[in-house]
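See structure below.
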Amino acid sequence: MKVAFIAEAVQGSIGAADNGDGTYRLDLADGTSRLATGAEVLTAAKAARIDAINAECRSRLLARYGPAEEQVSRAIGVYGAQEQSGMQAGIAATIDASNTASNAVLAAADIAAVEAVAVTWPSI
């Protein structure tokens with residue numbers, strides 16, 4: 001997990017560090033430090049997993065439909081009606097898969113459950 005997500009998850013935190021033993025240290029704006037709570041670590045793990053899911057979603061869509069200029073051409077039918085409708089369906093299915101997985105991450109009760117979430121990506 002990225003320690004940056006732990007720092008972002010805690011108001012007043014200016015940094016975080018992995019202690020190497022499964023715990024994380026939070027450095028606070030008031031100059032003090034403390035261990036992150038289990039809830040804070042879980043929140044950060046969820047944020048990191050959702051960020052990874054969203055990045056994979058973007059990557060898959062760009063790999064299949066190209067950069068923005070190419071996507072516009074597909075969307076207006078330059079590549080043909082079949083590619084146009086296929087892109088619309090493919091984007092919708094890919095985003096649905098991403099959202100379904102993200103919702104499972106948000107519902108996870110512990111870090112093991114967060115890490116166990118698998119995305120069922122559609123074939124596009």
Side-chain angles (χ1 to χ4, degrees):
M1 167 183 11
K2 299 176 188 175
V3 293
F5 283 100
I6 294 175
E8 292 170 7
V10 179
Q11 188 172 356
S13 176
I14 58 171
D18 186 339
N19 293 326
D21 61 0
T23 64
Y24 296 86
R25 183 192 76 238
L26 288 171
D27 298 322
L28 305 174
D30 66 5
T32 62
S33 295
R34 67 172 176 80
L35 287 178
T37 66
E40 290 166 340
V41 174
L42 179 58
T43 298
K46 288 179 179 184
R49 183 69 178 113
I50 290 171
D51 187 60
I53 290 167
N54 290 339
E56 178 71 13
C57 181
R58 280 188 300 277
S59 175
R60 286 173 174 273
L61 292 173
L62 284 171
R64 171 59 180 91
Y65 301 113
E69 307 82 36
E70 187 176 339
Q71 291 177 33
V72 169
S73 294
R74 289 177 194 279
I76 63 172
V78 172
Y79 288 74
Q82 184 175 2
E83 187 64 20
Q84 182 183 32
S85 63
M87 183 179 88
Q88 291 170 348
I91 289 172
T94 303
I95 290 172
D96 284 347
S98 175
N99 289 342
T100 298
S102 294
N103 288 341
V105 168
L106 291 172
D110 56 35
I111 292 176
V114 169
E115 293 171 351
V117 171
V119 185
T120 304
W121 297 110
S123 177
I124 55 174

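Keep in mind the model is a prediction, meaning the values are calculated, not measured.
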Ignoring hydrogens, what is the shortest heavy-atom contact between [X] and [Y]? Give both atom names and the distance.
X: Gly90; Y: Tyr65; answer: CA-OH, 3.3 Å
X: Thr43; Y: Ala9; answer: CG2-CB, 4.0 Å
X: Glu70; Y: Tyr79; answer: CG-OH, 3.3 Å
X: Trp121; Y: Ala97; answer: CE3-CB, 4.1 Å
X: Asn54; Y: Ser102; answer: OD1-OG, 4.3 Å
X: Ala113; Y: Ala108; answer: CB-CB, 3.7 Å

Would Ile53 end up clustered with Leu106 when hydrophobic side chains under 4.5 Å apart are linked, directly or stepwise?
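Looking at the clustering, Leu106 is in the same group as Ile53.
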
Flag yes if Ile111 and Val119 sit in one hydrophobic cluster, no otherwise; membership is Ile, Leu, Val, Met, Phe, Trp, Tyr, and two members link when side-chain heavy atoms are under 4.5 Å apart.
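Same cluster.
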
To the closest 0.5 Å, what do you measure between [atom1] ([X]) and [atom2] ([Y])?
X: Ile95; Y: Arg58; atom1: CD1; atom2: CZ; answer: 11.0 Å
X: Glu83; Y: Ser73; atom1: CD; atom2: OG; answer: 11.0 Å
X: Leu61; Y: Ile124; atom1: CG; atom2: CD1; answer: 5.0 Å
X: Leu26; Y: Ser33; atom1: CG; atom2: OG; answer: 8.0 Å
X: Thr94; Y: Met87; atom1: OG1; atom2: CE; answer: 11.5 Å
X: Glu8; Y: Ile6; atom1: CD; atom2: CD1; answer: 10.5 Å

N/O donor-acceptor pair under 3.5 Å between Arg49 side chain and Val117 backbone
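Yes, Arg49 side chain to Val117 backbone: donor-acceptor pair under 3.5 Å.
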
State, with a plain yes or no, whether a side-chain heavy atom of [X] is found less than 4.5 Å away from one of [Y].
X: Glu40; Y: Tyr24; answer: no
X: Arg74; Y: Arg64; answer: yes
X: Arg34; Y: Val10; answer: yes
X: Leu35; Y: Asn19; answer: yes
X: Asp96; Y: Pro122; answer: no

